[in-house]
**Q** 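Here it is, the structure in full.
Bear in mind that the values here come from a model prediction, so they are computed numbers and not experimental data. First the proteins, then the strands, lettered A, B, ... as listed; each starts at 1.
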Protein chains: 2
Amino acid sequence: MSEVRNIDTRERILDAAERLFMAHGYEGTSMRQITGDAAVNLAAVNYHFGSKESLMQEVFRRRLDWLNEERLRVLDEMERAAAGKPLKPSQIVDGFFGTLLRLADDDQRGGIVFLRLLGRTHTEPSEFIRTFLADEYAGVMERYQQALFRALPDVPRAEIVWRFHFMLGATSYAIAGTDALRLVADWKIEEADTVDRNDRLVPRLMSFLLGGLRAPLPQFKAAGATDSRAA
Amino acid sequence: MSEVRNIDTRERILDAAERLFMAHGYEGTSMRQITGDAAVNLAAVNYHFGSKESLMQEVFRRRLDWLNEERLRVLDEMERAAAGKPLKPSQIVDGFFGTLLRLADDDQRGGIVFLRLLGRTHTEPSEFIRTFLADEYAGVMERYQQALFRALPDVPRAEIVWRFHFMLGATSYAIAGTDALRLVADWKIEEADTVDRNDRLVPRLMSFLLGGLRAPLPQFKAAGATDSRAA
DNA sequence: GTATCATTAAAACAAACGTATGAATTATCT
DNA sequence: AGATAATTCATACGTTTGTTTTAATGATAC
């Protein structure tokens with residue numbers, strides 16, 4: 001109880017910022033909200049992080065560094081076990097998205113709060129956030145893409161890249177979990193909702209992602225066609 | 001050229017707001033940016049719409065009213081043609097998402113600007129936006145859900161609802177098109193990108209969505225299991 | 001033409017924003 | 001203990017925010 005110092009302040013700011021950015025977005029969250037929530041002085045953010053932008057970046061770095069290293073570790077392990085043979089698509093998808101989704105139960109690494117923040121931030125309009133995330137993901141993205149290329153040699157690479165994109169979208173949206181469109185009507189009746197919502201979301205999403213990834217290739221219309229109405 | 005009056009002002013404000021909300025988000029866009037871009041007086045927004053929030057709602061209502069009516073019209077037409085028999089999943093998906101995606105080429109109804117705005121707004125944190133969108137979608141959502149229930153009688157309804165959610169996420173993300181994670185590396189080389197990016201996105205996304213919708217049902221672990229690590 | 005209404009214009013409002021300052025306080029080290 | 005560095009604090013800075021106000025301008029009807 002003598003070792004803890006101001007480190008406390010930094011962490012409390014990061015925790016509060018994580019919560020508030022998740023709930024109200026970057027632009028929608030003020031420094032005074034953050035420092036108020038964290039019970040620290042207003043000037044503490046600029047002292048410890050320099051600016052609001054830098055704080056935002058640190059909020060993500062704190063979690064993403066571990067996540068993406070873990071993703072690479074898992075991929076390395078799987079490729080080692082495969083001994084040169086291509087991985088199964090389900091393995092790759094689980095390595096990337098499963099590793100992410102299992103964060104939901106790991107409160108020490110952000111839990112659902114960070115997960116939802118991340119899901120929402122993927123469509124964040126702010127330029128500096130997008131470029132920051134792009135850099136943060138660059139390495140792991142490249143590796144998983146290559147793994148998919150090897151796993152699906154018959155699928156055009158452009159197609160795989162797109163489907164990776166689609167999988168990211170479905171996942172982001174699922175974990176953002178805004179209930180934006182309140183899809184639920186009366187289906188709650190059909191199953192005990194509160195209990196297993198999160199337990200069951202992961203296998204459900206995984207099935208969906210794999211189904212999409214392995215879907216039949218699309219048939220393109222004749223090149224240059226401008227109307228796409230008739231069958 | 002004598003009939004146009006202040007109507008012009010309203011439309012110019014809506015157009016500028018649509019563009020700017022798309023580019024910088026709701027919180028990230030100021031009234032002065034909007035009125036400056038629209039070349040109207042600052043007070044015009046509050047005069048014509050009452051507040052920034054009401055402006056935002058009008059930006060969406062202007063486009064969504066038509067879109068969702070069209071979706072219902074298309075569904076009615078398909079069900080009429082089916083004469084009591086269940087529709088094919090591909091028809092339903094095309095009716096909902098195809099109708100949306102075809103907006104991209106319809107500049108009079110918002111084009112890609114509105115499409116991207118809509119994609120981004122689905123994960124918008126602001127409460128009033130989410131509840132507004134939920135109300136705006138309620139009717140059409142219910143109808144399409146029912147159609148899917150009939151089309152896939154063997155799939156549990158809860159599963160269908162989730163997959164609808166996932167499809168929405170993949171679509172939102174695809175049309176938001178932030179390139180947030182800059183998936184592209186060197187795959188541009190493999191196809192003439194600029195030409196057909198949008199032409200080909202639609203069939204690609206459709207294949208993905210249908211593949212996910214018709215994927216094998218997930219296997220759930222034993223109920224109450226807290227660890228999900230081992231195979 | 002004059003009265004009546006709708007719209008636009010310029011200016012001001014208080015409140016909230018991110019950031020910076022300088023003194024007070026606390027911890028660390030010799 | 002005393003010096004030095006690190007951190008916290010209250011406060012203020014200059015902008016920018018959404019909204020309001022009051023006057024000027026435009027169009028429409030009698």
**Q** Say whether, by atom type as modelled, one donor and one acceptor occur between the side chain of A:Lys52 and the main chain of A:Thr29 under 3.5 angstrom.
**A** yes
**Q** Which whole-number value in Å describes the distance from A:Asn41 CG to C:dT25 P?
**A** 14 Å
**Q** CZ of A:Phe49 versus P of D:dA6: gap in Å, rounded?
**A** 17 Å
**Q** For B:Thr35, which contact category applies under a 4.0 Å heavy-atom criterion: base, sugar-phosphate, or nothing?
**A** nothing
**Q** Can you identify which nucleotide, out of C:dT8, C:dA9, C:dT19, has its nearest atom closest to the B:Ala43 side chain?
**A** C:dA9
**Q** Measure CG/B:Asn46 against P/C:dT8 and give the value in whole Å, please.
**A** 13 Å
**Q** Once you measure the plane-to-plane angle for B:Phe166 and A:Phe208, does it fall in the parallel (<30°), tilted (30-60°) or perpendicular (>60°) bin?
**A** tilted
**Q** Got B:Arg143 and B:Arg71 here, is their nearest side-chain heavy-atom distance under 4.5 Å?
**A** no
**Q** Choosing from D:dT17, D:dT7, C:dG18, which nucleotide comes nearest the side chain of A:Tyr47?
**A** D:dT7
**Q** Are the side chains of A:Leu64 and A:Leu118 in touch, meaning some heavy atoms are under 4.5 Å apart?
**A** yes
**Q** With a cut-off of less than 4.0 Å, is there a side-chain N or O of B:Thr9 near OP1 or OP2 of C:dT8?
**A** yes
**Q** Looking at the side chain of B:His48, which of C:dA12, C:dT19, C:dT8 is the nearest nucleotide?
**A** C:dT8
**Q** May I have the distance from A:Arg12 (atom CZ) to D:dT7 (atom P), rounded to whole angstrom?
**A** 15 Å
**Q** If you assign each of B:Val40 and A:Arg32 to its closest nucleotide in DNA chain C, which residue comes earlier from the 5' end?
**A** B:Val40
**Q** Take atom CG of B:Asp8 and atom C1' of C:dT8, then tell me their distance rounded to the nearest Å.
**A** 13 Å
**Q** Could you tell me whether the side chain of B:Asn68 and the main chain of B:Glu136 form a donor-acceptor pair under 3.5 Å?
**A** yes
**Q** Ignoring backbone atoms, establish whether B:Ser30 has a side-chain N or O less than 4.0 Å from OP1 or OP2 of D:dT17.
**A** yes
**Q** Grab the CE-P distance between A:Met31 and D:dT8 for me, whole Å please.
**A** 14 Å
**Q** Which nucleotide, C:dT8, C:dG18, D:dT8, lies nearest any side-chain atom of A:Lys52?
**A** C:dG18
**Q** How close or far is atom P of C:dT19 from atom CD of A:Gln33, stated in whole angstroms?
**A** 15 Å
**Q** Return the value, rounded to whole Å, for the distance between atom CG of A:Leu42 and atom P of C:dG18.
**A** 9 Å
